[in-house]
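Have a look at the structure below, then the notes.
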Amino acid sequence: GESVGLHLPTLSVQEGDNSIINCAYSNSASDYFIWYKQESGKGPQFIIDIRSNMDKRQGQRVTVLLNKTVKHLSLQIAATQPGDSAVYFCAENAPGNQFYFGTGTSLTVIP
Amino acid sequence: ETGVTQTPRHLVMGMTNKKSLKCEQHLGHNAMYWYKQSAKKPLELMFVYSLEERVENNSVPSRFSPECPNSSHLFLHLHTLQPEDSALYLCASSQEPRGGRDTQYFGPGTRLTVL
C-alpha cells in the first residue's frame, strides 16, 4: 500500500523562528498534496495544498515545497507563533483518487 | 470553523451498546467520508459517499454501519464494538462527487471509548 512518512515525530522551535516540517511520499504518480494542522481536541484543518505541476506555493506565513525527484514535501512556517503548536501531517492523492495520510509531526513552539 | 460538525464530541459505550455518530456539512459538498484516527497511526479511511451513494468501503468490520440520507448528513451506526475500536472518528467532506484531487474538510471528530 501507499505510505506517507514524516522524518521527525516531534519538533520544538523558539517563538519567532522559522519551522520546517518534512514529509516523504512513496508514489511518484501522486499529483496532489495537502498539509493539515491538527490542534489538540480538534479535527485536521486545511493549511495549504500543491499540485504536482508546481514546485512551490506560498500562503500566509506558510510555504510548501515539492521535490518530485526525491518524492519529498516540506512545510515551512515563518515566524512561528505559540498558536502554531499542533500536529502537522501531509496527505497525498495517489492514482485511483485515494488519499493517504502521514502519521504527523508534533510541533511545539517555545515562548 | 470548518463547516463540518459532528455529534457527540465524546462517547463512552460498552461492547453491547448500540450508538450512532452524526456528521453534518454546511458547505454544499457532494462527497462525505468517515475516517478512524488512532494514536500514532495515519488516518484510516473507512467509508466514502459520493452524491449519497457509497463508493468505497475499505474492508471495515460490519459492526460499523454507515448511512447517508442526503448530501449534507452522514451517520455511523455502531454495535457490539471492541475495545480496540476506541479512537477519534473523523468526518470529512469535499466538493467533487468522487473526491480525488479536491481538498477534504474535516469535522472536530468524536472521541469514542469502548469499555
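In the text below, chain A, chain B and the rest are named by the order of the sequence lines, each starting its count at 1.
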> Which atoms of B:Leu45 come close to chain A, meaning under 4.5 Å heavy atom to heavy atom: side chain ones, backbone ones, both, or neither?
Replying inline: side chain
>> Per the disulfide bond (SG atoms under 2.5 Å apart) rule, what does the pair list look like for residues 5-45 of chain B, sequence neighbours excluded?
In response: B:Cys23-B:Cys91
>> Which atoms of B:Gln37 are under 4.5 Å from chain A, going by heavy atoms: the side chain, the backbone, both sets, or neither?
In response: side chain
> Could you go step by step and tell me if A:Tyr36 and B:Thr103 meet the side-chain hydrogen bond (donor to acceptor under 3.5 Å, both in side chains) rule?
Replying inline: CA-CA 10 Å; A:Tyr36 285 96; B:Thr103 305; 5.9 Å; no
>> Show every disulfide bond (SG atoms under 2.5 Å apart) that has at least one partner inside residues 28-89 of chain A, sequence neighbours left out.
In response: none
>> Please classify the contact of B:Arg111 with chain A as side chain, backbone, both or neither, using a heavy-atom distance under 4.5 Å.
In response: neither
> Which heavy-atom pair separates A:Ala94 from A:Ser30 by the least distance, and what is that distance?
Replying inline: CA-OG, 3.5 Å
> Do other residues, nucleotides or ligands put more than 12 heavy atoms under 6.0 Å from A:Met54 CE?
Replying inline: yes
> What part of A:Phe33 is in contact with chain B, defined as an atom under 4.5 angstrom from a non-hydrogen atom: side chain, backbone, both or neither?
Replying inline: neither
> Which bit of A:Glu39 comes within less than 4.5 Å of chain B, counting heavy atoms only: side chain, backbone, both or neither?
Replying inline: neither
